Amino acid sequence: MNLSGATRLAAVIGDPIRHSRSPAIFNAAFAAAALDWAYLAFEVPSGGAAGALDAVRALGLEGLSVTMPHKTDVAELVDERSPQAELLGAVNCVVRRGDRLIGHNTDGAGFVASLRADADFDPAGQRCVVLGAGGAARAVVLALAEAGAAAVVVVNRSPDKAATAAALAGPVGATAPIDDLAGSLAAADLVVNATSLGMDAASTPIGPAALTALPDSALVADLVYQPAVTPLLAAATARGLHTMGGLGMLVYQAAEAFTHWTGEVAPVAEMRRAAEAPPAGPSAGPPDAAARTDE
Ligand code: NDP
C-alpha cells in the first residue's frame, strides 16, 4: 500500500474492534481494484458515535463501517437513512456525500447475496425459519421478505422480540414457539441460525431431534463464522443437509459497502480470501474476541 496526500480514507468504529477482519477485507479490496484508498479501525467506546461522525465530516472520510455498540446510535445521528436502515433502526455503513452522512444497513443484502452466490439458493417463494431476533436476525428477516420469501417464521427465546422481528416481514412474517421447533422446521426450505449460539463446541440452537424434522432438501445457514463449521453445520452435514456458513455474509455486506463508497463493483474473491486469512499481528486479540463481532 502506497499512502500519499491523495489517499482517501474509510474506517470502522466499534468496541471491541482490534479483532476486526474489516481492515484486511477492505484494504484487499482497494488493492485489487487499484484504488488509492486505505481503511483503518478506530476503537470508539459506547456513547462516542456522535464524536466519530463529526470526525468523519471534519476529516473528510469517504465512508464508515459501524459495528457494536454503535449501530442504533448512528441510525439516529445520520442525516439520511436508506429504507432498510430506517426500518431496522440500525446502520452498519455510512456514506459521506459532501457534509451529509447517509446511513445504510448492508447486513441483510449481504446475507441474501451470500445465499445466492454460495448456496445457489434464491429466497423467492421459499419458506424460511429464522432462529433469533437480535440485530442480525432482524436484518435477515427483512431481506428475506424483500427477496420474495413465501414465509419468514421467527423463533426466539424472548417471544416479544420475535414478534418485533417478524413484523419486519409484513404479511409473510410469523412467529412460532421455541418449544415446538420441530413443528416449525418440518416445512422449512431454509433455516437460519441468527442467535449467538454456535461459537463454542457445545452450543447449538437446534437439537438433533428438531434437525431430523427438516425436509431432506432444506438448507441450513449459520451467521456465526468463527468457527467456520459450527456445531449446527456439522450436525446438519451429518444429517445429509446442505449448509452455508456466515463468512459469506461478512464478505458480501462489505462488498455492498465498497460499492456504496466507490461506485465500483466489489472484488469479492479477493475480499473473501482476506476474510478467510487468520487474523495477523499482536493487536489481533484472542480468537474468541473475533467471534463476538456483529459486523
Ligand atoms: P444480538 O445480541 O442482537 O442477538 C442475539 C440473539 O441470540 C437474540 O435473539 C438472543 O435471544 C439469542 N440468544 C442469545 N443467547 C441465547 C441462548 N443461550 N439461547 C437462545 N437464544 C439465545 O446479536 P446479533 O444479532 O448482533 O448477532 C447474532 C449472531 O450473528 C452473532 O453470533 C454474530 O456474531 C452473528 N453475526 C454475523 C454476521 C456475519 O456477517 N456473518 C453479521 C452480524 C452478526 P433473546 O432475544 O431471547 O435474548
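For ligands, and for the atoms within them, numbers begin at 1 and follow the listed sequence. Source: prediction; values computed, not measured.
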Taking N or O atoms only and a 3.5 Å limit, does [X] qualify as a polar contact for ligand 1?
| X | result |
| --- | --- |
| Ser158 | yes |
| Leu250 | yes |
| Tyr225 | no |
| Leu197 | no |
| Asp107 | no |
| Ala194 | no |

Out of [options], whose heavy atom is nearest to [atom]?
| atom | options | answer |
| --- | --- | --- |
| atom 41 (N) of ligand 1 | Gly246, Ala90, Ala139 | Gly246 |
| atom 29 (C) of ligand 1 | Val224, Asn193, Thr195 | Thr195 |
| atom 11 (O) of ligand 1 | Val251, Thr204, Asn156, Leu223 | Asn156 |

| message | Suppose the criterion is ring pair (Phe, Tyr, Trp, His ring centres under 6.0 Å): which pairs have a residue in residues 233-273, not counting sequence neighbours? | response | Phe26-Trp261, Phe30-Phe258, His104-His260
| said: Give me each pair satisfying ring pair (Phe, Tyr, Trp, His ring centres under 6.0 Å) with a member in residues 51-80, each pair once, sequence neighbours excluded. | reply: none
| remark: Residues Val74 and Ile13: closest non-hydrogen pair is CG2-CD1, 4.5 Å
| Can you name the closest pair of heavy atoms from Asp216 and Leu241 and give their distance? | O-CD2, 3.5 Å
| request: Please test Asp79 against Arg96 for salt bridge (charged side-chain N to carboxylate O under 4.0 Å, His left out), starting from the C-alpha separation and ending with a verdict. | output: CA-CA 10 Å; Asp79 301 304; Arg96 185 180 61 81; over 6 Å; no
| message | Does Asp160 have more than 12 heavy atoms from other residues, nucleotides or ligands lying within 6.0 Å of its CG? | response | yes
Using a strict cut-off of less than 4.0 Å between a Lys/Arg side-chain nitrogen and an Asp/Glu carboxylate oxygen, indicate whether [X] and [Y] qualify as a salt bridge.
| X | Y | result |
| --- | --- | --- |
| Arg8 | Asp36 | no |
| Asp99 | Arg57 | no |
| Asp107 | Lys71 | yes |

Atoms of ligand 1 close to [X] [distance to a heavy atom under 4.0 angstrom, numbered from 1]:
| X | answer |
| --- | --- |
| Gly132 | 9 (O) |
| Ala133 | 9 (O) |
| Gly135 | 3 (O), 25 (O) |

| Under-4.0 Å heavy-atom contact with ligand 1, by part of Met199 that carries it | side chain
| request: Check whether any heavy atom of Lys161 sits under 4.0 Å from an atom of ligand 1. | output: yes
